[in-house]
Structures are given as C-alpha cells and as structure tokens.
Amino acid sequence: MKILVVDDSATMRRILVNSLQRIGYSDCVEAGDGREAVDKFDGSIQFVITDWNMPNMSGIDLARALRALPEGKSVPILMVTTRSVKEDIIAAVQAGVNNYIVKPFTPQVLKEKIDAVLSGVAAAA
Amino acid sequence: MHAKHHVELLYDSEATLRLLDTAIKDMGEFDGEEPQSLEQRVRAAMTQERSTSMGLIGLSDLLARGYAEIIGVLDSLRQSRSLLERAAVEKIHHTHDKLREVSNATETAATDILNGLDRANSMVDDLDACAAEYGESDDRGATIRAALRDELFALMGHMQFQDITSQQLTYASAVLTEMEARLAHIARVFDPATFGAAVTDLESAPGAGPVTFDPNASTQNRAERQAVADEIVATGASA
C-alpha cells in the first residue's frame with residue numbers, strides 16, 4: 001500500500017515513516033504541506049496520513065481538496081495532529097477525514113487506526 | 001508767557017483731579033463699597049487696582065504653571081513612548097530570536113538523535129547478520145537484540161516531543177509578535193508629534209500569515225484526548 005505522509009515537521013515525517021515501516025508499510029511518499037501533497041497525489045496513492053497545522057495548505061484544507069478530486073473521493077485519510085479540541089475533530093470528520101490520531105501517538109495506535117480505516121473502507125465497498 | 005502757562009497748568013490739574021475723582025468713584029462702585037473720604041477712596045481704589053492687577057498676574061502665573069505641567073506630561077509621554085518602543089523593538093525581538101534559536105536547536109538535536117537511532121538500528125542489524133553467519137549457542141543474544149530494537153524504536157517515538165514543543169514555542173513567539181504590534185500601536189498613540197492624527201487600526205494591520213501551530217499542543221493527557229477523538233469518529237461527527 002502506497003502511503004502519502006504529510007507533515008511540515010521533518011522529524012514527524014521521519015517518525016511516521018519509521019513507524020509505518022515497523023508495522024509493515026514501507027512504500028511511503030512524503031510532503032511538507034497540503035499544497036505539496038495535492039501535487040504529489042495521483043492514482044497510485046492508496047492512503048493519506050496528514051497533519052493539521054501546516055503552511056500554505058492545512059491538513060483540513062487538504063482533506064477537502066482531495067475529496068473534491070475524482071481520484072481522491074474515496075482515498076482513506078488519517079489525520080495525525082496535536083489538535084484535540086472537540087470542535088476541531090468534528091470539523092475534520094466533516095471535511096472527509098476517516099480517522100483521527102492525537103499526537104503524541106504510539107505505533108500501536110497508528111496500526112489500530114490504519115486497520116480501522118481500511119476495514120471501514122472495505123466494509124463500505 | 002509764564003503766567004499764561006501757569007493758568008493752563010492749573011486748569012489741566014483741576015481737570016485731571018476731577019477725572020481722578022470720577023475714576024475713584026467708579027472704582028468704589030465697582031468694589032461695591034461707599035468710601036467715606038477721598039483718602040479712603042484712594043486707598044480703596046489702590047487696593048482694587050492692586051487686586052485687579054494681582055488677578056491678571058495670577059492668571060498669567062496659572063497659565064505658566066499649566067504650560068509647564070503640559071510640557072511635563074508631554075515629556076513623560078515621550079519617555080513612555082521611548083520605553084515602549086525599546087521594549088517592543090529590542091526586548092521582544094531579542095526574546096523572539098531566543099525562542100527561534102531554541103526551536104532550531106531542538107530541531108537540530110532531534111535530527112541528530114534520529115540519525116543516531118538509525119545508526120544504532122543498523123548496528124543491531126549487523127549483530128543479527130553476525131549471529132546468522134557465526135551462529136549462537138542459544139537465543140539469548142537474539143532476545144536482547146530484539147529488546148534493543150524495541151527500545152530504539154520507542155526512543156524514536158518519544159522524539160515527537162520536538163514537534164509539540166516546536167508548536168508551543170511558535171505559539172509563544174506569535175504571542176510576542178502580537179504584543180510587539182500592540183506596543184507599537186500604543187507608542188504611535190502616545191507620539192506627541194502625531195497627536196490628533198488618525199492612528200491605523202490595529203486590526204487592519206497586516207497579519208503574520210497562516211497559523212502553523214496549535215496553541216493547545218501538549219504532551220499531556222494523550223489517552224484522554226485520543227478517547228474524545230475516538231468517540232467523535234465513532235459517532236460520525238454527530239457528537
């Protein structure tokens with residue numbers, strides 16, 4: 001599964017990519033913000049993990065932008081962010097985010113959420 | 001010639017005394033009192049004259065004191081403005097720079113630590129390769145290497161603190177930037193050179209760009225905050 005990892009922090013991208021490799025996902029593409037993610041998003045991307053607060057284009061705007069694309073309507077989106085205010089989480093889900101992880105995360109939580117999203121997508125298909 | 005001059009002088013003196021008498025009467029009436037004699041009238045008039053002059057002198061003194069007070073206040077405002085500008089320009093900039101320095105240092109340190117963890121992981125891989133090549137009498141080595149790999153991976157996860165503290169520092173920096181703008185605004189309001197002129201509205205000042213930090217970023221209570229997210233996701237954002 002090809003995963004697009006979007007975060008403006010190089011440290012976080014590295015931690016996410018390492019964690020993904022650790023749980024069996026080694027095919028990762030990185031982007032530093034939402035705009036770069038939209039540019040890199042193509043038909044080969046099967047899963048998107050994104051931060052919220054980023055320059056140029058935020059994670060929530062990225063979710064809306066992807067949902068507006070024909071090839072992005074059904075791509076699973078997992079948000080990994082420090083934002084944990086209830087209204088923010090609701091806004092993210094309404095923007096099309098499939099699941100939500102509050103930083104700092106553990107690899108176990110990352111795996112659980114990816115599995116939950118994939119099983120939800122499979123059930124909906 | 002001399003006789004004629006004396007007559008004219010006497011005539012002028014009489015006329016002057018009559019005028020003076022009339023003036024003294026008028027002054028006496030102004031004072032609201034009725035003096036009994038010419039001497040009393042003259043004294044009263046002199047007193048009245050002195051008091052009227054003193055009134056004018058008093059007003060002049062009052063204006064001079066008021067002017068000095070205004071100058072003092074303007075000077076204080078000038079000094080306050082100078083202090084505000086110094087606080088805004090020097091101290092806040094310095095603190096801002098320090099925060100950025102700390103943020104950059106933390107990011108550099110985090111990268112160095114991650115590089116070190118990667119190298120340590122490679123060494124564990126090398127140990128695995130050696131064990132495979134030369135063999136081991138039991139599986140204790142393999143167990144220790146696996147535990148070491150877990151520890152290294154856990155350490156990598158802890159490096160998320162860098163992203164969170166970076167956001168906290170960026171937030172602190174943004175607060176300082178806002179404070180700087182507000183102090184500069186107050187300094188402009190207190191500028192004696194522009195008293196009465198329209199001051200630019202603080203809200204219309206150019207912004208600092210898109211927000212790239214979470215003001216509530218925290219390493220605390222992760223499980224509780226994740227539980228809130230899980231509940232909302234489970235109910236499909238209808239919570």
Side-chain angles (χ1 to χ4, degrees), chain A residues 7-19 21-23 32-35 51-61 77-110 112-113 116-117 120, chain B residues 103-104 106-115 117-118 121 149-150 152-171 174 208-239:
Chain A
D7 201 307
D8 58 329
S9 162
T11 303
M12 277 310 302
R13 289 200 304 273
R14 199 162 163 181
I15 292 168
L16 277 164
V17 169
N18 267 294
S19 300
Q21 286 173 346
R22 176 95 171 172
I23 58 178
D33 59 53
R35 195 175 294 168
D51 182 23
W52 184 313
N53 292 110
M54 294 181 290
N56 300 318
M57 184 189 279
S58 68
I60 195 159
D61 286 338
I77 302 175
L78 174 61
M79 186 161 272
V80 182
T81 175
T82 55
R83 295 178 81 123
S84 57
V85 176
K86 197 173 176 181
E87 289 72 23
D88 288 342
I89 302 167
I90 292 170
V93 174
Q94 288 172 342
V97 167
N98 297 89
N99 216 318
Y100 202 98
I101 293 178
V102 177
K103 290 178 185 173
F105 66 90
T106 61
Q108 290 77 14
V109 170
L110 181 65
E112 281 171 23
K113 300 306 173 195
V117 171
Chain B
S103 187
N104 290 342
T106 315
E107 190 170 358
T108 304
T111 305
D112 289 345
I113 293 168
L114 287 172
N115 288 340
L117 290 170
D118 277 346
N121 262 318
R149 215 183 284 278
D150 288 342
L152 292 172
F153 183 70
L155 283 175
M156 189 171 280
H158 291 315
M159 296 309 294
Q160 290 177 77
F161 90 90
Q162 190 272 323
D163 177 51
I164 293 164
T165 52
S166 172
Q167 292 194 53
Q168 290 167 337
L169 289 171
T170 310
Y171 170 60
V211 177
T212 57
F213 58 88
D214 172 16
N216 301 312
S218 172
T219 53
Q220 308 293 312
N221 307 319
R222 189 200 65 79
E224 288 85 345
R225 291 184 289 127
Q226 183 62 55
V228 172
D230 290 346
E231 188 186 341
I232 293 168
V233 170
T235 54
S238 60

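Each chain gets a letter, A, B and so on, in the order the sequences are listed, and its residues count up from 1.
- Your options are B/T111, B/I113, B/D214, and the one with the most heavy-atom pairs under 4.5 Å with chain A is B/D214.
- Within the model, atoms CD of A/Q21 and CZ of B/F153 stand 9.5 Å from one another, a figure rounded to the nearest 0.5 Å.
- Atom CD of B/Q220 has 12 or fewer heavy atoms from other residues, nucleotides or ligands within 6.0 Å.
- In this structure, B/D150 pairs ionically with A/R22, as a charged nitrogen and a carboxylate oxygen lie closer than 4.0 Å.
- Applying the 6.0 Å contact sphere to OH of B/Y171 captures no more than 12 heavy atoms from other residues, nucleotides or ligands.
- Between A/R14 and B/D163 no salt bridge is recorded (no basic side-chain N to carboxylate O distance below 4.0 Å).
- In this structure, B/Q162 contributes its side chain and A/S9 its backbone to no donor-acceptor pair below 3.5 Å.
- For chain B, the nearby part of A/N98 is the backbone; its heavy atoms alone come within less than 4.5 Å.
- Chain B forms the most heavy-atom pairs under 4.5 Å with one residue out of A/S19, A/A10, A/S58, and that residue is A/S19.
- Both the backbone and the side chain of A/I101 come within less than 4.5 Å of a heavy atom in chain B.
- When heavy atoms are compared at a cutoff of 4.5 Å, B/S166 does not approach chain A at all.
- How far CZ of A/R83 is from CZ of B/R225: 12.5 Å, rounded to the nearest 0.5 Å.
- Between atom CG of residue A/D51 and atom CD of residue B/Q167 there is a gap of 6.5 Å, rounded to the nearest 0.5 Å.
- For chain A, the nearby parts of B/N115 are the backbone and the side chain; heavy atoms of each come within less than 4.5 Å.
- Of the possible polar contacts, one joining the B/R222 side chain to the A/P104 backbone as a donor-acceptor pair under 3.5 Å is found.
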Apply side chain to side chain contact (heavy atoms under 4.5 Å, CB included) to B/F213 and A/N53, showing your working.
CA-CA 6 Å; B/F213 58 88; A/N53 292 110; 5.6 Å; no

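- Atom CG of B/N121 is separated from atom CG of A/N18 by 7.5 Å, given to the nearest 0.5 angstrom.
- Of the two parts of A/D8, only the side chain, counted from C-beta on, holds a non-hydrogen atom closer than 4.5 Å to a non-hydrogen atom of chain B.
- Ranked by heavy-atom pairs shorter than 4.5 Å toward chain A, the options B/N216, B/V228, B/D118 are led by B/D118.
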Please report the C-alpha distance between B/D230 and A/K113 in whole Å, then the side-chain angles of each, then the deciding distance to 0.1 Å, and finally whether the side chain to side chain contact (heavy atoms under 4.5 Å, CB included) criterion is met.
CA-CA 10 Å; B/D230 290 346; A/K113 300 306 173 195; 2.7 Å; yes

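- Side chains of B/E231 and A/K86 form no contact here, defined as non-hydrogen atoms less than 4.5 Å apart.
- To the nearest 0.5 Å, the span separating CD1 on B/I164 from OG1 on A/T82 amounts to 7.0 Å.
- For the atom pair CD1 (B/I232) and CG (A/N99), the distance works out to 11.5 Å, reported to the nearest 0.5 Å.
- For a residue to count as touching a neighbouring chain, one of its non-hydrogen atoms must lie under 4.5 Å from one of that chain's; by this rule A/V97 does not touch chain B.
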